Each structure stands twice: as structure tokens, then as C-alpha cells.
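Below, chains carry the letters A, B, ... as their sequence lines are ordered, and counting in each starts from 1. Worth saying up front: this structure is predicted, and the values here are computed from it rather than measured.
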2 protein chains.
Amino acid sequence: MNNLFKALNDPTRRQILDLLRGGDLNAGDIAERFDMTKPSISHHLDLLRQAGLVESVKQGQFINYSLNTTVLDELLAWLMSFQKTESPSAEIKTSEPTR
Amino acid sequence: MNNLFKALNDPTRRQILDLLRGGDLNAGDIAERFDMTKPSISHHLDLLRQAGLVESVKQGQFINYSLNTTVLDELLAWLMSFQKTESPSAEIKTSEPTR
DNA sequence: CCATTAATTAGATAGTTGTCTAAATGATTA
DNA sequence: TAATCATTTAGACAACTATCTAATTAATGG
């Protein structure tokens, strides 16, 4: 969970995730879309991989990166638990149909 | 969105959020539950407030903190959009339908 | 087998972050 | 008004992060 939040806490990495929604890409193709050197992008990809958000497969000379959204399920569950656990004081508010 | 990810990228701050699910607390009560000085907790509370995750209301000598989960909706939407946008290639797997 | 290409690793550096202690602010009460 | 209590602000510092350039590894094609 820690690695996940860490990975998501950077705009470049989130952009990479968004990019990969359009389909798999190799490292060079990803780097091309950013105003940043390849080693920097390589580093970001590494952090995304550590968090399990992307997977990499070597294909000849290239390394192909793909999205893995299953890790996000954990985060999704955590988030949704907040929606459910509405603070008790919220009950009175206006006139919510309690259920 | 940036501030939100930043705020969530720390275990202490996430614990504070979890704490506040049980009900509002003042700064001192929050600090008491952590093995950390009050100024440090104050700093964390500030970041949470900047992200809109908590709200603070001064009540006499005390400052009361409460959870505000509405900010998480944005994050929730972002996350769910990943679930929907399953990578197109996942459909057939074996023989790519070139188009 | 050499040159080229793709990508990573290594090492350096500036900027950010989490934590602390000390000081300041603001409210309460004797 | 002076002392106390709750909290924040200020300033310092070590650890971490994002980025760069240079060097390395590994695959491909002449």
C-alpha cells in the first residue's frame, strides 16, 4: 500500500499510467512523450513496477510496458470504506433517507 | 489532485484519517495517539487540511478536526475509470485482431 | 565482430519532506 | 494580570526524491 501511494504521488507517473490505457508501449515510446530524459523515465517506470501498477516484458531489444490495474482494487476498497463509514454526526443533516 | 496524493502518501496521515472515522478529535487528542511530537502532528494535519481531507474548527482553546471525504470522490472517479478502460488487447489474448 | 540502438545502472546534485526543539500565539482561569 | 494550557510557527537537519550526464548491458544488423 505504501509503494502504491508513493508511485501515484507524481504527475509524470500518473501520466504514464494514463498513457498505457491506450495500449502497451515500450520504454522508448513512453520516454518520447515526455520532456525528460530516458533514464528519468526509466526510473519512474521502475517505481511503477515496484508498486505493481505496470508489468514489463522484454521483447528482443525492446521492453514492453503494460498496465496492471488489479493493484488499484486495494486502493479502491480503502477509498470506498470511507464513503460507507459516514461520520455519525452526518445522520441528522437535512433529511437523508437513512437507507 | 496533486495535494491529495501528496497528503495520502504518508502512513501517519493515513492513520489520522482512519482515526477521524471514529469521530472528530482535537489536535491534542490526535497527537496523543502517536509516538511523535505535537508540532509534527500539527504539520501533518496542515497537509491534510491543504488537501481538503480534514476541516478544522477552533473551539475555545481547542481546535477540532473532522474528516471530509468529499475530496476522495475525485480520486474514486479517477480510479474507477481505470477499471472501465480495460486494455483493448485483453479481449482476445491469443490472436491479435490487428483491427 | 563491430557499430548501432534500446534500455538500465551509477553517481551527482538540487529540491522536498518528516521530524525535532525552541519560541510564539491565543484562550482560560486563579 | 500572571500562570497555564493547546496549538501553531520558525528554524534546523537528516533522509528521500526527481532529475541530469556518463557509463554499462544487451540485442540487432551489416
request  = Measure the spacing between OG1 of A:Thr69 and CG of A:Leu75 and express it to the nearest 0.5 Å.
outcome  = 12.0 Å
ask   = Of all the nucleotides listed (D:dT9, C:dG18, C:dT9), which has the minimum atom distance to the side chain of A:Pro39?
value = C:dT9
note = Ranking A:Asn64 and A:Asn9 by the position along DNA chain C of their nearest nucleotide, the one closer to 5' is A:Asn64
ask   = Base, sugar-phosphate, or nothing for A:Ile41, non-hydrogen atoms under 4.0 angstrom?
value = nothing
ask   = Does A:Gln61 get its side chain close enough to the base of C:dT5, under 3.5 Å, for a donor-acceptor pair?
value = yes
key: Cluster link A:Ile63 to A:Phe34, ILVMFWY, side chain under 4.5 Å   = yes
key: Nucleotide C:dT17, atom P - distance to CZ of B:Phe5 in whole Å   = 15 Å
query = What nucleotide, of D:dT7, C:dG18, D:dA26, holds the atom closest to the side chain of B:Ile63?
reply = D:dT7
ask   = Over how many whole Å does the gap from B:His43 atom NE2 to C:dT19 atom P extend?
value = 8 Å
query = Where the side chain of A:Lys58 is defined as all heavy atoms beyond and including C-beta, which of D:dA27, C:dG18, D:dT8 is the nearest nucleotide?
reply = D:dA27
ask   = Once you round it to whole Å, what is the distance between P of D:dA6 and CG of B:Leu45?
value = 16 Å
request  = Please state how far atom CD in B:Glu32 lies from atom P in D:dT7, giving the value in whole angstrom units.
outcome  = 10 Å
query = So, is B:Thr37 close to the C:dC20 phosphate, meaning a side-chain N or O under 4.0 Å from OP1 or OP2?
reply = yes
query = What is the distance, rounded to the nearest whole Å, between atom CD of B:Gln59 and atom C1' of D:dT7?
reply = 15 Å
ask   = Hey, is the side chain of B:Tyr65 poking within less than 4.0 Å of OP1 or OP2 on D:dT8, counting only N and O atoms?
value = yes
inquiry  = Under 4.0 Å, counting only non-hydrogen atoms across every strand here, what does A:Phe34 touch: a base, just sugar-phosphate, or nothing?
reply    = nothing
task = Could you check how far CZ of A:Arg13 sits from P of D:dT17, rounded to whole Å?
result = 9 Å
key: Between C1' of D:dT8 and CD of B:Gln50, the distance in whole Å   = 14 Å
note = One should read off an interatomic distance between B:Leu48 CG and B:Ser56 OG, to the nearest 0.5 angstrom, of 11.0 Å
query = Is it true that a side-chain atom of A:Arg14 and a backbone atom of A:Leu8 form a donor plus acceptor pair closer than 3.5 Å?
reply = yes
ask   = Can you find a side-chain donor-acceptor pair between A:Gln50 and A:Asn3 that sits under 3.5 Å?
value = no
Interatomic distance where NZ belongs to A:Lys38 and P belongs to D:dT19 [whole Å] = 17 Å
query = Between A:His44 and B:Asn26, which is nearer to the 5' end of DNA chain D once each is assigned its nearest nucleotide?
reply = B:Asn26
ask   = Does C:dT19 have OP1 or OP2 sitting under 4.0 Å from an N or O in the side chain of B:Ser40?
value = no
query = Looking at B:Lys6, does any N or O in its side chain come under 4.0 Å of the phosphate oxygens OP1/OP2 on C:dT17?
reply = yes
